[in-house]
Colleague: 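Quick one: this structure, given as structure tokens, is what I'll be asking you about.
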Amino acid sequence: MAANPSKPLIRLGIGDVTEPLPPVCVEALHAATAEMAQRSTFRGYGPEQGYPFLREAVAQHDYAARGCKIEADEIFISDGAKCDCGNIQEIFAADTRVAIPDPVYPVYLDTNVMAGRTGDNADGRYSGVLYLDSTPANGYVPAVPGVAADLVYLCFPNNPTGAVATKAQLQAWVAYARKNQAILLYDSAYEAYIRDPQIPHSIYEIEGARDVAIEFRSFSKTAGFTGTRCAYTVVPKNLMAWDKAGKQHALHPLWNRRQTTKFNGVAYPIQKAAAAIYTEAGKQQTRALTDFYLGNAKLIREAMGKLGLKCVGGDNAPYIWVNTGRDSWEFFDLLLNQAQVVCTPGAGFGRCGEGHVRISAFNSRENVSNALERIAAALK
Ligand SMILES: Cc1ncc(COP(=O)(O)O)c(C=O)c1O
């Protein structure tokens with residue numbers, strides 16, 4: 001940017017939203033702020049697990065409506081899925097065997113590295129991690145491994161690839177977890193982008209998942225809450241972990257203990273804004289928001305196709321994973337220098353990300369259209 005002040009960059013790299021909050025959320029924020037200004041309606045510390053009005057709305061609209069049996073008190077409201085999927089490993093033993101996809105949202109891997117769970121690093125891979133490769137050969141959805149793991153991180157719709165898992169693929173993971181006494185850590189931060197009616201939105205749509213899975217969700221990409229901060233984690237009460245002696249331990253009280261010890265809840269006005277998403281107007285407004293980003297994603301997919309580049313994602317996810325057929329940093333540099341467009345080099349997400357870049361659909365229509373024109377001209 002410093003070298004080329006006359007050529008402004010268009011950023012399709014980081015996955016941050018660009019559109020403002022839905023009006024229902026803004027109205028709820030204003031109303032809740034007014035309550036905080038009156039002695040009679042002021043609130044101090046709230047429940048660490050979240051206010052019942054939000055936990056109940058989540059249980060009803062995100063789970064019961066899809067036929068999933070999740071109780072309101074199995075939902076823990078938080079200030080972000082990043083914190084939750086980073087913190088969750090704290091409640092497991094130091095010698096837990098973790099299985100982590102490659103490429104991956106780096107939080108899953110790095111928090112286990114910081115916890116000292118991953119062993120030595122050689123050639124960019126940790127000896128203590130079971131890597132789940134997502135490649136063109138498996139359609140970027142890793143198959144269940146032939147060996148056992150204790151904790152398995154899964155993310156669908158996926159960041160960075162935008163790939164989604166079918167019901168059959170998720171059934172295989174639930175069966176794997178049940179067979180190996182493993183726990184699935186299922187991140188569905190992008191479920192609001194699913195449009196294919198055959199694709200599950202929640203791991204709990206799979207029979208038996210309540211016994212083996214924790215689910216993470218976020219309002220960040222559903223309703224533009226990246227700067228507002230609200231998310232939740234579901235820990236079913238019947239979910240058990242086994243210790244070395246073969247003794248069972250319920251995870252719900254452990255996570256509750258962890259949260260009540262280290263977390264003091266999400267601000268009341270923010271939880272009110274999140275609850276507004278579940279009103280009829282809120283549902284329409286958030287649908288319009290995700291439809292808008294998916295419109296950008298469609299343009300990106302079509303443009304890549306015209307350039308002869310294979311890609312996945314973008315139809316049920318806001319990310320497009322482009323198979324560049326060359327070094328991912330080289331392709332990044334090409335777009336940066338020739339088109340002044342920023343994408344994310346796939347190598348940053350893991351070894352299997354090499355040869356790919358991620359293009360994000362989070363931007364204005366005008367910026368996306370301009371970026372695609374520039375990319376087409378640069379690659380001619
Ligand atoms: C897969 C995935 N999980 C979680 C998050 C973080 O969500 P939050 O903003 O709720 O912390 C992101 C954000 O980019 C993400 O891509």
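Everything numeric in this text was worked out from a predicted model, so none of it was measured. Just follow the structure's listing: the first ligand is 1, and inside any ligand the first atom is 1.
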Colleague: Work out whether the distance between some heavy atom of Thr226 and some atom of ligand 1 is less than 4.0 Å.
Modeller: no

Colleague: Specify the protein heavy atom at minimum distance from atom 5 (C) of ligand 1: its residue, its atom name, and the distance to 0.1 Å.
Modeller: Tyr105 OH, 3.3 Å

Colleague: Under 3.5 Å between any N/O of Tyr108 and any N/O of ligand 1: does that happen in this structure?
Modeller: no

Colleague: Starting from atom 9 (O) of ligand 1, what is the nearest protein heavy atom, named by residue and atom, and what distance separates them?
Modeller: Ser220 OG, 2.6 Å

Colleague: Is there at least one pair of N or O atoms, one from Lys221 and one from ligand 1, spaced under 3.5 Å apart?
Modeller: yes

Colleague: For the ring pair (Phe, Tyr, Trp, His ring centres under 6.0 Å) test, which of Phe331, Phe349, Tyr140 pairs with His356?
Modeller: Tyr140

Colleague: Just to confirm my output: which protein heavy-atom neighbour is closest to atom 3 (N) of ligand 1, and how far is it?
Modeller: Asp187 OD2, 2.7 Å

Colleague: Name each donor-acceptor pair under 3.5 Å that joins a side chain in residues 312-322 to protein atoms two or more places apart or in another chain, with its distance.
Modeller:
| unit_1 | atom_1 | unit_2 | atom_2 | d |
| --- | --- | --- | --- | --- |
| Asn316 | OD1 | Arg195 | N | 2.7 |
| Asn316 | OD1 | Asp196 | N | 2.9 |
| Tyr319 | OH | Tyr190 | OH | 2.7 |

Colleague: For atom 15 (C) of ligand 1, what is the closest protein heavy atom, and at what distance to 0.1 Å?
Modeller: Tyr190 OH, 3.5 Å

Colleague: Counting only heavy atoms closer than 4.0 Å, does ligand 1 sit against the backbone of Ala81, its side chain, both, or neither?
Modeller: both

Colleague: So if I apply the side-chain hydrogen bond (donor to acceptor under 3.5 Å, both in side chains) rule between Gln49 and each of Thr260, Asp73, Asn256, Thr233, which one comes out positive?
Modeller: Asn256

Colleague: Could you check Leu239, Val234, Ile214, Val235 and say which one makes a side-chain contact (heavy atoms from CB on, under 4.5 Å) with Trp255?
Modeller: Val235

Colleague: Roughly how far, to the nearest 0.5 Å, is OH of Tyr268 from CZ of Arg43?
Modeller: 4.0 Å

Colleague: Is the shortest N/O to N/O distance between Tyr319 and ligand 1 below 3.5 Å?
Modeller: no

Colleague: For the residue pair Tyr153 and Asn112, confirm or rule out a side-chain donor-acceptor distance under 3.5 Å.
Modeller: yes

Colleague: Counting only pairs under 3.5 Å, give me each side-chain donor-acceptor contact of residues 160-173, with atom names and distances, residues two or more places apart or in other chains.
Modeller:
| unit_1 | atom_1 | unit_2 | atom_2 | d |
| --- | --- | --- | --- | --- |
| Thr161 | OG1 | Asn158 | OD1 | 3.1 |
| Thr161 | OG1 | Ala163 | N | 3.1 |
| Thr166 | OG1 | Gln169 | N | 3.1 |
| Thr166 | OG1 | Gln169 | OE1 | 3.2 |
| Gln169 | OE1 | Thr166 | N | 2.8 |
| Trp173 | NE1 | Pro142 | O | 3.4 |

Colleague: Return yes or no for this condition: an N or O of Ala189 is under 3.5 Å from an N or O of ligand 1.
Modeller: no

